[in-house]
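The structure appears below as structure tokens.
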Amino acid sequence: MCGIVGYIGEQQAASILLDGLEKLEYRGYDSAGIAIYDGQKINVVKSKGRLKVLSELTHEGALLPGNLGVGHTRWATHGAPSDLNAHPHENKEETIAVVHNGIIENYIKLRGRLEEKGYSFISDTDTEVVAHLLDYYYKGDPLEAITKIIHRVEGSYALGIIFKEHPDEFYAVRKDSPLIAGHTEGGNIIASDVPAVLKYTRDVYFIENEEIARLRKDEISFFNGDGEPLKKQSKKIEWDVDAAEKGGYEHFMLKEMYEQPKAITDTLSPRLKDGKIDIEELNMSDEEIANIKKIMIVACGSAYHTGMTAKYVFEEMTRIPVEVDVASEFRYRNPIITDGTLVVVISQSGETADTLAALRESKEHGARVLGIVNVVGSSIAREADGVMYTWAGPEIAVATTKAYSAQLIALYLLAIKMGQARGLVSEEKILEMLEDLKRLPTQVEMLLENKKKIQKFANRYLAAEQIFFIGRGIDYAISQEGSLKLKEISYIHSEAYAAGELKHGTISLVEEGTLVVSVLTQESLYKKMISNMEEVRTRGAFVMAVTAEGNDEVEQAADYVIYIPKTNEYFMNSLAIIPLQLFAYEIAVGRGCDVDKPRNLAKSVTVE
């Protein structure tokens, strides 16, 4: 979720880069830097922290004269936030400068090969590999060097590249990370997102996968991955700046929901190598995994709900008993932590106070702690014995969506890996599950296309005073997350219940017209859930069901059904949450809530 801006033209590049990067601050970042060619050399200035620090270091760009440059705001993935790890990165001779968005999945292998050839590295980033690779393949023709690296680099990337020997041009290339180019008055510009360029142009080219752009002052040329020329048509951007920051979506929350397929892919694909799960950062051998006697999962809010889901998956895959704790309770209950206990703490920010306190208490008791976090270099990442990163990027909306989905993927992978290490999951079963995981991004995309259908249904319940979510087993966990999403952004009273508990008092709250959302994805529990649905309908409730394709019996027990693709039953939570997120979003928007802000910052809600 980093930001890239590049410019060549008649104006001073530094001020344009800083201005463009400022327009991309909403994407989140932890450091920033720019590289400017001044006619003799490439000057690089970068710093940890806010863009303001970089602006002050360069006197708003005045200390870096030159008409060609690239800039970057970094959201740390490989390597903690620091001046050294900030972009741009250069080759040893400082004749090539690179900025990069994305994740180079095979960077460790590439780094090893480059070190064998005498290259040395000064940062912890995957991006520095690209700078040295370019140096290795560059023989005077930038286009030739770039085509060679894109056939050797695996993963996602958007690159902006300056070659000192070619002062009248710079290059951009992308794969699975967004990048655009556009003509400006007296020059040309690239950026990772539209807001950075709207001040200068509204006619942009969307660079496609493995396409290369060469920008000169008076022209933009495009090439395919083999260096062959391409013809492209520009598109006119009609959005205003506010809409552009949201990628044309009405709200950041909606944008982030639609970013879930990418978050799933980015968290999944770096850990799948040659049909096997490779979690390098786990810092545990198969023997150490085999000696685990108990797993304790500790988290807050939505992260806690992913932990509840993981309990079912871990116990099935590993046959290790699992306890799941709310972090704010864990630290006060004097937990029983014995030899062989693994504590897994989950946090999007890596700074959640109660979760961090639980981590520290666990370590005081001698437990091994694994952190699952989204922010590189965060407190939990630094203090845990091992860390597994989710590559969801920053979330701006108050309600988590894509980070939640990425956490589920990380936990699925961890459970399968541990089951394999303990000899409890066959290679055949692992391959089958990995294929199911690979299909999830496409299936999520398909479910997101149901937005209008769900909106039409949600409009019927804008004035609801309370809504119940029910599920059994692993579906109870997803029901809790669906309920949290609804109350968090729509301010409707909502509760989630294990469906079998309804008869123990709660059923008395269900009356004529009450909406009950039923989640049933576990085939072995269909009959039980259908019985619960029929029971609440006898009390006048309206039942909306979220269930797997092929579950025809549920149509008789529900008033409205949303079908999701059938896949491995432990992974269906990743699909069932999508219609629940969309439902909560449509209810909140219909009630006039600001879904991107907490209630004390949102406008008041009035429903007639």
Side-chain angles (χ1 to χ4, degrees), residues 2-27 29 32-38 42-44 51 54-55 58 60-61 64-74 87-88 97-101 142 146 157-163 166-174 177-208 211-223 230 232-241 243-245 247-248:
C2 316
I4 286 177
V5 182
Y7 173 80
I8 184 170
E10 297 175 353
Q11 300 183 53
Q12 291 296 305
S15 60
I16 292 175
L17 300 183
L18 291 170
D19 177 70
L21 293 174
E22 183 182 359
K23 299 298 190 298
L24 299 178
E25 284 191 297
Y26 70 92
R27 294 164 66 90
Y29 66 99
I34 55 177
I36 304 292
Y37 180 71
D38 66 3
I42 300 172
N43 297 296
V44 174
L51 191 62
L54 182 65
S55 295
T58 62
E60 312 299 327
L64 291 175
N67 304 108
L68 163 63
V70 290
H72 190 266
T73 49
R74 177 179 187 250
H87 298 207
V98 180
V99 292
H100 165 225
N101 288 356
I146 292 169
Y157 52 82
L159 303 172
I161 310 165
I162 296 175
F163 293 85
H166 294 264
D168 298 322
E169 62 191 24
F170 77 100
Y171 290 80
V173 59
R174 69 152 290 207
S177 284
L179 201 60
I180 60 174
H183 294 292
T184 70
E185 186 175 346
N188 289 302
I189 193 169
I190 63 163
S192 50
D193 210 348
V194 171
V197 305
L198 284 183
K199 181 178 177 180
Y200 308 100
T201 183
R202 286 185 173 270
D203 295 307
V204 304
Y205 298 91
F206 288 88
I207 303 173
E208 301 298 335
E211 287 184 355
I212 303 165
R214 182 182 65 203
L215 290 87
R216 294 171 174 163
K217 184 173 71 172
D218 53 359
E219 69 173 6
I220 305 176
S221 304
F222 297 94
F223 308 87
L230 295 173
K232 292 182 70 70
Q233 293 292 322
S234 64
K235 295 184 179 180
K236 192 171 188 65
I237 301 298
E238 304 291 349
W239 311 328
D240 59 22
V241 174
E245 289 184 354

Can you tell me how far [atom2] of [Y] sits from [atom1] of [X], rounded to the nearest 0.5 angstrom?
{"X": "Glu208", "Y": "Leu179", "atom1": "CD", "atom2": "CG", "value": "11.0 Å"}
{"X": "Thr184", "Y": "Ile189", "atom1": "OG1", "atom2": "CD1", "value": "6.5 Å"}
{"X": "Ile220", "Y": "Leu215", "atom1": "CD1", "atom2": "CG", "value": "4.5 Å"}
{"X": "Ser55", "Y": "Glu60", "atom1": "OG", "atom2": "CD", "value": "5.0 Å"}
{"X": "Ile34", "Y": "His72", "atom1": "CD1", "atom2": "NE2", "value": "13.5 Å"}
{"X": "Tyr7", "Y": "Ile16", "atom1": "OH", "atom2": "CD1", "value": "4.0 Å"}

State, with a plain yes or no, whether a side-chain heavy atom of [X] is found less than 4.5 Å away from one of [Y].
{"X": "Glu169", "Y": "Pro142", "answer": "yes"}
{"X": "Thr58", "Y": "Ile36", "answer": "no"}
{"X": "Ile4", "Y": "Val70", "answer": "no"}
{"X": "Val194", "Y": "Lys23", "answer": "no"}
{"X": "Leu24", "Y": "Ser192", "answer": "yes"}
{"X": "Lys235", "Y": "Asp203", "answer": "no"}
{"X": "Glu219", "Y": "Arg214", "answer": "yes"}
{"X": "Ile146", "Y": "Phe223", "answer": "no"}

Where do [X] and [Y] come nearest, in terms of heavy atoms and distance?
{"X": "Phe170", "Y": "Ile161", "result": "CB-O, 3.3 Å"}
{"X": "Pro178", "Y": "Ala158", "result": "O-CB, 3.8 Å"}
{"X": "Ile42", "Y": "Ala35", "result": "CG2-CB, 4.0 Å"}
{"X": "Pro88", "Y": "Gly33", "result": "CD-C, 3.6 Å"}

Pair Tyr205 + His183: ring centers closer than 6.0 Å: yes
Lys232 to Phe222 six-membered ring, cation-pi geometry met (6.0 Å, 45°): yes
Residue among Ile207, Thr201, Ile190, Val197 satisfying side chain to side chain contact (heavy atoms under 4.5 Å, CB included) with Ile180: Val197
Would you confirm whether [X], through its side chain, and [Y], through its main-chain N or O, come within 3.5 Å as a donor-acceptor pair?
{"X": "Tyr29", "Y": "Leu51", "value": "yes"}
{"X": "His87", "Y": "His100", "value": "yes"}
{"X": "Asp38", "Y": "Pro65", "value": "no"}

Mutual orientation of the aromatic rings belonging to Tyr171 and Phe163 [parallel < 30°, tilted 30-60°, perpendicular > 60°]: perpendicular
Step-by-step side chain to side chain contact (heavy atoms under 4.5 Å, CB included) determination, Tyr200 to Asp19: CA-CA 11 Å; Tyr200 308 100; Asp19 177 70; 2.8 Å; yes
Chi angles and distances behind the side chain to side chain contact (heavy atoms under 4.5 Å, CB included) call for Asn67, Gln12: CA-CA 5 Å; Asn67 304 108; Gln12 291 296 305; 3.8 Å; yes
